[in-house]
Amino acid sequence: MNLQGKVALVTGSTSGIGLAMAINFAKLGAKVVINGLGDQDAIEAAKSAVQDAGSGDVIYNAANMLDPDAISAMVEQAETSFGSVDILVNNAGIQHTCSVDAFPKEKWDAIIGINLSSAFHTSQAVLPGMQKRDYGRIINIASVHGLVGSVEKSAYVAAKHGIIGLTKVTALENAERNITVNAICPGWVRTPLVEVQIKALAEKEGVDLEEAARRLLAAKEPSLRFTTPQELAEGAAFLCSPAASNMTGTSLVMDGGWTAQ
Ligand code: NAD
């Protein structure tokens, strides 16, 4: 597979799944725009990792996914510097666990804003260029929580169900063009976002981190192993491959059997 000549923008790519996707796109020849929060050292390390994987054509943009104007400016920077945005991965996301009755209102707004509304704003910003060039691949990183619920994750589950709806509508509106819009639904992936939940379980049940991780998997994921960021990066690359060119509006579920139960 070759993505030479293509430009990929991955939101939330200073860490975890997004970083693995950005590195893989660079490896496949794409120019890459990375984005995300973090301290300067972490951002520089992420940028270097993406640069070293490919041609070196990498831009970091600091847009906060809660700020629609910053999102427009990020897309404009990508189009001005690299000529287009051909692949958009809406990946930035956060989590907060708490029952509905006690869920902090500001956490609800932040999760809906970062995990769902930002994907609307980025899609709206990239679509005119994709439509003009008659080429685009939009990949929304949803979750098994776009398909099923879990306790104490109301905002996250609502946002992820929402992003699957947004995926379908954006796909339908562009179905006659060479623009596909799909979601990926991972099960557990061992990134900083999940490490917090492993730590909380370890503290609650008085076990070490590895035992907590094992219990987390045993409760939900029949394969009893984490999906890896690299597997998800290869899933995203597949959605950009010729084999997937007539796949649109669907979800690629990579969850070790979680939603088969
Ligand atoms: P992560 O914490 O490693 O990465 C999240 C990324 O989003 C980071 O780069 C962070 O800086 C960025 N981000 C957070 N808030 C932002 C903001 N306001 N503006 C810009 N960037 C922001 O987490 P991850 O596990 O790699 O998560 C990536 C995506 O995968 C998320 O959408 C998450 O919901 C989804 N997901 C994760 C899992 C899992 O088990 N880890 C499972 C299913 C889906």
Using the side chain to side chain contact (heavy atoms under 4.5 Å, CB included) rule, take Ser84 and Lys132 through it: C-alpha gap first, then chi angles, then the decisive distance, then the call. CA-CA 10 Å; Ser84 60; Lys132 199 161 73 194; over 6 Å; no
Yes or no on side chain to side chain donor-acceptor pair (under 3.5 Å) for Asn90 and Asn140, after CA distance, side-chain angles and deciding distance? CA-CA 5 Å; Asn90 286 310; Asn140 292 324; 2.8 Å; yes
Distance (rounded to the nearest 0.5 Å) between [X] [atom1] and [Y] [atom2]:
X      : Y      : atom1 : atom2 : answer
Glu44  : Thr14  : CD    : OG1   : 12.0 Å
Glu203 : Leu209 : CD    : CG    : 8.5 Å
Leu166 : Leu116 : CG    : CG    : 6.5 Å
Ser123 : Met130 : OG    : CE    : 8.0 Å
Asn115 : Ser118 : CG    : OG    : 7.5 Å
Asn64  : Asp69  : CG    : CG    : 12.0 Å

Measuring only between side-chain heavy atoms, which start at C-beta, is [X] closer than 4.5 Å to [Y]?
X      : Y      : value
Pro229 : Val189 : yes
Val32  : Asp57  : no
Gln124 : Phe120 : yes
Arg214 : Leu217 : no
Cys185 : Ile164 : yes
Ile139 : Met21  : no
Val253 : Leu147 : yes
Ile138 : Val126 : yes

Measure across [X] and [Y] and return the closest heavy-atom pair with its distance rounded to 0.1 Å.
X      : Y      : answer
Ile198 : Ala212 : O-CB, 3.5 Å
Leu66  : Pro68  : O-CD, 3.5 Å
Ile163 : Ala119 : CD1-CB, 3.7 Å
Leu216 : Trp188 : O-NE1, 3.2 Å
Ser143 : Tyr156 : OG-CE2, 3.8 Å
Ser15  : Pro192 : OG-CG, 3.6 Å

Is there a path of hydrophobic side-chain contacts, each under 4.5 Å between heavy atoms, that joins [X] and [Y]?
X      : Y      : result
Val89  : Leu239 : yes
Leu232 : Met1   : yes
Met74  : Ile59  : yes
Leu3   : Leu88  : no
Val10  : Val33  : no

[X] side-chain N/O to [Y] backbone N/O, donor-acceptor pair under 3.5 Å:
X      : Y      : answer
Lys160 : Ile141 : yes
Asn35  : Asn61  : yes
Asp134 : Arg177 : no
Gln261 : Trp258 : yes
Glu231 : Thr228 : yes
His145 : His161 : no
Asn178 : Gly136 : no

For atom [atom1] of [X], decide whether the heavy atoms of other residues, nucleotides or ligands shown that lie under 6.0 angstrom number more than 12.
X      : atom1 : value
Asn2   : CG    : yes
Gln230 : CD    : yes
Glu176 : CD    : no

Using side chain to side chain contact (heavy atoms under 4.5 Å, CB included), reason through Ile34 and Tyr60 one step at a time and then give a plain yes or no. CA-CA 5 Å; Ile34 62 166; Tyr60 166 72; 3.9 Å; yes
Hey, mind stepping through Glu221 and Thr227 against side chain to side chain contact (heavy atoms under 4.5 Å, CB included) and telling me if it holds? CA-CA 10 Å; Glu221 193 146 339; Thr227 306; 3.6 Å; yes
Is there a side chain to side chain contact (heavy atoms under 4.5 Å, CB included) between Phe103 and His96? Walk through the geometry before answering. CA-CA 9 Å; Phe103 209 89; His96 183 78; 4.1 Å; yes
Report the C-alpha separation of Glu211 and Arg215 in whole Å, then their side-chain angles, then the decisive distance to 0.1 Å, and conclude whether the salt bridge (charged side-chain N to carboxylate O under 4.0 Å, His left out) test is met. CA-CA 6 Å; Glu211 176 57 18; Arg215 290 183 187 185; 2.8 Å; yes
Would you sort out whether Thr11 and Asn91 count as a side chain to side chain donor-acceptor pair (under 3.5 Å), showing the intermediate values? CA-CA 5 Å; Thr11 70; Asn91 168 78; 5.4 Å; no
Taking only Lys NZ, Arg NE, NH1 and NH2, and the carboxylate oxygens of Asp or Glu, determine whether Glu210 and Arg190 approach each other closer than 4.0 Å.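 Yes, charged N to carboxylate O under 4.0 Å.
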Taking the six-membered ring of Phe25, is NZ or CZ of Lys6 closer than 6.0 Å to its centre and within 45° of its axis? no
Show your reasoning for whether side chain to side chain donor-acceptor pair (under 3.5 Å) applies to Gln131 and Asn174. CA-CA 8 Å; Gln131 290 166 350; Asn174 292 280; 2.9 Å; yes
Between Thr170 and the options Thr180, Ile179, Val181, the side chain to side chain contact (heavy atoms under 4.5 Å, CB included) test singles out Val181
Please check if any side-chain donor atom of [X] sits under 3.5 Å from a side-chain acceptor atom of [Y], or the reverse.
X      : Y      : value
Lys153 : Gln197 : yes
Ser150 : Lys220 : yes
Ser48  : Asp52  : no

